[in-house]
Amino acid sequence: MVRHQPLQVYEKQIFLSIITGIYGCRWKRYQRSQDDSSKWECLWFTILCSSFFLLLFWTYFWLVAQNDFNDFNWSVYNRTGEWTDETIPIVASTTVGISYITFLVILALFHISLGQQLNLFWVHKIGVLATLVTTISGVVSVDDIWGDEWEILFISLQATAPFLHIGALATVTAMGWLVAGYILPVALSVRFPDDGSGGVHHHPGCSVLGSALVYLPCVMDRHSLKPRPEIIGRRGAPMMAPENTMLSFNRALQQGATSLEAEVTISVDGVPFLMRDRTLRRTTDVRKVFPSRQYEDASFFNWTEIHTLNAGQWFLESDPYWTVATITPKDRVRIENQTVCSLLDMLRLAARANASALLNIRKPSAQHPRARSWFMDTLRAVLSRLTRPLCSGQVMWSPDTDRGRVRGFQQSTQEKLSVQEMRQRGITSLTLHYSKASHKDIQEYLANNVSVTVYPVNEAWLYSTLWCSGVPSVSSDAPTSSERCLTPSGLCQTAYYFIWIASDLFSLAVVFMIFAFQKWKMSEIQSCNPEQIVLNVVTRPQTREVNIMKEKLLFSGTDFFFYLRQNGDKNVTKE
């Protein structure tokens with residue numbers, strides 16, 4: 001009678017089965033292999049890593065771009081003519097994409113650390129390609145619609161570089177285990193001379209030290225900090241009430257704004273009113289009241305027609321800043337009854353609150369009935385409010401048109417000019433987008449007595465960074481968030497250097513320990529050669545390392561298990 005004996009009973013490797021099953025749909029043992037991955041699979045791993053880093057950059061961009069979500073939607077509206085919140089699908093798809101790709105990258109790294117082939121399942125290959133193509137399309141689209149926004153990345157690093165530094169150190173340190181698992185076998189086989197450092201000649205984390213070299217305004221002596229920037233209500237407080245309405249301006253003043261900013265348009269009958277858009281479609285119910293004129297320029301309506309339009313319902317319906325849910329029922333009723341605000345009404349409110357006014361006046365087209373008198377119409381409205389509570393110095397006049405006729409006002413511009421040009425034009429105030437307001441430029445302007453206002457500043461990290469840079473005033477859609485910032489976040493000096501140097505040294509020590517442990521482990525496994533397995537198989541119980549060596553020999557395609565059987569190893573089995 002022939003007695004059949006299994007060659008070996010393997011331990012169940014549930015974790016390995018899950019890893020290889022999810023990544024490559026290889027759930028059974030005979031489907032797995034510890035051979036080197038093919039060039040094709042290595043190419044897919046490269047594509048996967050490229051998708052991960054691109055999505056990481058894309059995710060970071062949208063995290064810091066939260067400050068400008070409304071401006072992005074407004075840019076899209078100007079192209080399409082229809083208001084939709086485009087940031088919701090972008091943020092949702094980015095969250096899903098980065099989660100999916102990160103999960104696959106982690107599985108791939110587990111494959112590498114466990115010595116398994118990188119056999120990516122075809123469904124995942126389609127998913128990776130779809131994610132990569134979608135992300136590239138998004139980058140191209142944003143570059144076309146919102147190309148200037150890429151400049152925000154530099155100023156964002158001034159606030160996030162310390163955290164990115166720590167994150168990069170943690171990642172590099174964790175990758176040390178994987179790197180050591182690949183470098184040391186080669187080093188030991190080639191017999192590099194041991195220098196006592198476990199095979200490590202430089203710290204991989206040192207490459208990320210460059211992130212800490214970005215100029216950080218808040219790394220400064222607390223006594224050198226300048227007074228907190230004043231807050232200008234940009235079109236009032238549009239996060240809390242419809243923009244350019246009396247309710248919005250009231251909310252801004254209540255939340256601590258010391259100045260009000262607005263875009264001024266002239267009507268056909270010479271009344272200056274406040275409107276950001278070229279048409280009335282987005283912020284009024286002109287589609288219902290004047291459906292045939294909804295695409296007409298706002299300046300071609302007379303003031304009576306404009307004043308009859310509702311300027312609040314759109315805010316509750318579109319929820320442009322995702323804040324409607326926080327509004328009380330009483331405020332909802334007030335919002336529903338808002339109308340378009342005239343320049344005169346806004347100036348009256350500013351005069352009562354002793355607040356300044358920053359006016360961005362839009363010149364009408366040549367076909368407009370007030371094309372020649374628009375300047376005097378606007379000037380008369382302003383001069384009518386220049387009583388004692390509102391003096392001429394509290395009005396910032398930004399258009400370049402006829403500056404000589406408004407010398408009594410504080411001259412302002414939104415164009416980034418040299419100090420010499422500003423002196424020649426008599427300009428004493430500059431309004432800049434925060435992406436263009438570098439610390440060096442700010443210091444140069446301030447040193448030459450040019451007041452700098454930065455817009456839009458809706459996030460606390462941005463307000464803190466500009467505060468440390470010495471900016472005297474910021475224009476904000478959310479005066480509340482800026483008002484709550486009592487101290488710049490990240491303001492430190494000695495503690496900063498201690499934390500980041502200590503983290504570098506700690507990361508270096510951990511990497512050395514990882515390499516030392518991996519070297520010790522590899523030297524122990526190397527001692528398990530086939531002859532020792534045969535000689536010691538009967539005298540002592542088999543270790544996990546011996547079983548691993550057997551398994552590798554079996555899967556390598558050799559006939560070594562027959563050799564073990566002939567030499568008396570009855571425990572040798574084959575699945």
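Atoms considered below: every heavy atom in the structure, side chains included; atoms not considered: hydrogens, waters and symmetry mates.
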Shortest non-hydrogen separation from C341 to N244 and the atoms involved: CB-O, 3.3 Å
Set of residues satisfying ring-ring contact (aromatic ring centres under 6.0 Å, His included) with respect to F57, sequence neighbours excluded: W150
F301 six-ring centre to R293 NZ/CZ under 6.0 Å and within 45° of normal: yes
Residues in side chain to side chain donor-acceptor pair (under 3.5 Å) contact with E444, at least two apart in sequence or another chain: none
Closest non-hydrogen atom pair between P479 and A237, with its separation: CD-CB, 3.9 Å
For S473 against T453, the heavy-atom pair lying closest together: OG-OG1, 2.6 Å
Pairs meeting criterion side chain to side chain donor-acceptor pair (under 3.5 Å) with involvement of residues 61-71, two or more places apart: D68-Y434, N70-Y321, D71-R276
Interatomic spacing from OG in S99 to CG in L104 - rounded to 0.5 Å: 11.0 Å
Atom CD of E305 with >12 non-hydrogen neighbours under 6.0 angstrom: yes
E261 versus S475, side-chain donor and acceptor atoms under 3.5 Å: yes
Atom pair CD1 (I327) and CE (M240), whose distance is rounded to the nearest 0.5 Å: 8.0 Å
For F300, all residues meeting ring-ring contact (aromatic ring centres under 6.0 Å, His included), sequence neighbours excluded: H368
For residues 89-97, tabulate all N or O donor-acceptor pairs below 3.5 Å that involve a side-chain atom, not counting sequence neighbours.
| residue | atom | partner | partner atom | Å |
| --- | --- | --- | --- | --- |
| S93 | OG | P89 | O | 2.8 |
| S93 | OG | I90 | O | 3.0 |
| T94 | OG1 | W58 | NE1 | 3.1 |
| T94 | OG1 | I90 | O | 2.7 |
| T95 | OG1 | V91 | O | 2.8 |

Partners passing side chain to side chain contact (heavy atoms under 4.5 Å, CB included) against S75 (at least two apart in sequence or in another chain): I145, W146
Ring geometry between W303 and F273 (parallel below 30°, tilted from 30 to 60°, perpendicular above 60°): tilted
